[in-house]
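First comes the structure, then the notes that go with it.
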Amino acid sequence: MDNQVKAVETEGEAIETLRILIADDNDSDRLILQTIVRKEGHIVYTAKDGQEAIDIFKEQSPDIVLLDALMPNVDGFEAARTIKQLAGDNLVPIIFLTSLRDATSLADCLAAGGLDFLSKPYNRIILQAKIKAFASMRRLHETVQAQRDEISLHHDRLVHEQEVAKQVFDNIAHPGCIDAPNIKYLLSPMAVFNGDLVLASRKPSGGMFVFLGDFTGHGLPAAIGAMPVSEIFYGMAQKGFSLQDILREINKKLKRILPVGVFCCASMVDVSFRKHSAEVWVGGIPDVLVYRKQSRQLENLKSRHLPLGVVDSDRFNTDTTLIQLEKGDRVMLWSDGIIEACNPQQEMFGEERVMEVLRNTEDADAMFDNLVAAVERHTGRGEQDDDYTMVEVTMVGEEEMGNALGADGKSYMAGGPKDWSMTYELRPLTLKEFNPLPLITHLLMEVPGLRPHSGKIYTILSELYSNALEHGVLNLHSDLKASADGFARYYAERTQKLNELYEGCVRFHIDHHPVKDGGVLTIVVEDTGPGFDFKSKEENRHKTEGYSGRGIPLINTMCRSVRYLGKGNQVEVIFDWHVDV
Amino acid sequence: MSNPADHLDIGALQDLKEIMENEFETLVNTFISDSQNKVDELDAVLQQQDCDALRKVAHSLKGSSSNVCAFRLSELARQLEMMGKEETLEGADQVLSALRVEFRAVSDILSTNL
């Protein structure tokens, strides 16, 4: 039992085999030391003087060096200094062998890089203890070194990953048309990792969207949200969606993907150069400022909404403030970085100072730069380190803005299908189960610039389609819908007739033809129903009003013309549209 | 022959013998020939009045003789080392004579103890 325990203990304390260099010019001393050390289970290299010790060290790089202080040729002190240098970052414990006793000599040993002394006559127990102590010190040093190397490796990898991520972010969350002549902005190259985001896009109609976002948090988590925001912003802006549509979509997406507590404070401006106006939405970010060039007055547009990604779609509010802008008037958006920028005394720059700088600036053109300079003076830092973001948009004449979406000279009309026609026939099995309107609308929205008219087009299509299906193919009478009771009967009948339907069809003939800054969309819907005597109605100047149930008066207000053709089972709508909505 | 214990730490020597095992003979031979050279060298440097050389050689002999447990020899070497260091060679000849006698005695004891 005892033996077993002992064996385990011995194993636990098993002395590792070290490679030890012994340098002593005295043959008998060297012989004794070498014998003792070897008996401890270590590998011994011996040297007769300092130069030999250095040579062997270079060749064998031993773990511990026992060095006699006084040796011919190169003495122990000099050998110690050279060995330290050769070892570099590695810890090679040097123990001086000496019978020197005076403090100065011992201090010299330490100054030369020795860690300890071993005095003559040699004591086996002390030698053993010292070798053990320095071996564990050496291991500790190796561990620290390995961890340091690992940390530095991790750090390098992290930096590399951030660089890669930044490239991806820069490609996706690019600032769009931020270099337009009417925009000034300040955005740190690493802004995306501060959670700041600036996006700007021309609208197909010639206007401009500018978006400034500030995500909660820092680093990668803050940067992640920038990608969907940017994708939605550019994707929808270029397709002609409204500010409201875009904000609603961004809010919905962020609400879904971001964890609780992470959201995006933002402001967004929809600038119309034609109407000299702007719509502004502010959610959880410092006041958007409007600077009037003529009066040199500043107006604050306060945040009226929660940040993006906080509330569900049904509670999300897209109300904007509409402002009129004269040429030279400015709208300024910023993150709270400027207000929170601290000087060395941890004193924030503050909203007061912002307003002060703006009020004291005579030349509106210098306003932006003055503000930047004032913040930099306050923080005492260069532009490199800043983590504040600011955009100034100036109202200019439409002619100064050039082609919309057109740094590359491409018109907003480029890209999608714009000169085409199609026929789409829906037969009974399809009529029973499928609503063709979303598909057709989607197809039409691919026409560049047509998107803003989607509401009207959908209304037209849906009126024409339900007329063709219900009054045409199913031969239902709208008179039925006159009373509440009839309304229910109408729909019951509709369902029944649709279920029993085995013949008949509805045909869409759609034709789009582009004209300057817009297009002509012709929609003909034809059904296999009996038709009706539209001519007599027209002659009676009832024109379209006589068919109240058929929703035609509404359509008539939306387009150039509505005409019945054939025996009244065809209706043709001609819709003119223009980018100026 | 005088009492070995007057010249050597017998207990410590026994330990050393155990540690060195087969090497003990080599050690003794090495020590004797090495030290003989040093004693001769001490003679020479003393005649030349070379204090620094005296200090170094005596220092070396002090260390090696202490390692073979020859405490008296080590002490005499230490006295010479100090003289060299302080550059006062007065009485050094007498110390060296005593050292030579002591070295002979130590050599004899070590050799017979193999």
For the side chain of A/D29 and the backbone of B/N67, is there at least one donor-acceptor N/O pair under 3.5 Å apart?
->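 No, because the side chain of A/D29 does not come within donor-acceptor range (under 3.5 Å) of the backbone of B/N67.
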For A/L31 and B/M20, what are the C-alpha separation, side-chain angles and deciding distance, and is it a side chain to side chain contact (heavy atoms under 4.5 Å, CB included)?
-> CA-CA 9 Å; A/L31 189 60; B/M20 299 307 289; 4.0 Å; yes
Dump the intermediate steps for side chain to side chain contact (heavy atoms under 4.5 Å, CB included) on B/K38 and A/N26, then the final yes or no.
-> CA-CA 11 Å; B/K38 279 177 185 146; A/N26 203 311; 2.7 Å; yes
Hey, could you give me the [atom1]/[atom2] distance between [X] and [Y], rounded to the nearest 0.5 Å?
X	Y	atom1	atom2	result
A/R30	B/T30	CZ	OG1	9.0 Å
B/N37	A/D27	CG	CG	9.5 Å
A/L70	B/S60	CG	OG	8.5 Å

Give, as side chain, backbone, both or neither, the part of B/K56 having an atom under 4.5 angstrom from any heavy atom of chain A.
->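 For B/K56, no heavy atom lies under 4.5 Å from chain A.
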Hey, is CD on B/E90 packed in by over 12 heavy atoms from elsewhere, all under 6.0 Å?
->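 Open.
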In this structure, are over 12 heavy atoms from other groups packed under 6.0 Å from A/R148 atom CZ?
->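 Check passes, neighbour count above 12.
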Closest non-hydrogen atom pair between B/G63 and A/K120, with its separation =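 Here B/G63 and A/K120 meet closest at CA-CD, 3.7 Å.
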Give, as side chain, backbone, both or neither, the part of A/I32 having an atom under 4.5 angstrom from any heavy atom of chain B.
->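 Contact with chain B involves both backbone and side-chain atoms of A/I32.
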A/R124, part contacting chain B, at a heavy-atom distance under 4.5 Å =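 Side chain of A/R124 only, per the 4.5 Å heavy-atom cut-off to chain B.
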Before giving the answer on side chain to side chain contact (heavy atoms under 4.5 Å, CB included), spell out for A/K39 and B/E21 the whole-Å C-alpha distance, their side-chain angles and the decisive distance to 0.1 Å.
-> CA-CA 11 Å; A/K39 286 212 159 171; B/E21 289 175 42; 2.3 Å; yes
State, without any angle test, whether B/D34 and A/S28 hold a side-chain donor-acceptor pair at a distance under 3.5 Å.
->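 Absent: no donor and acceptor within the cut-off.
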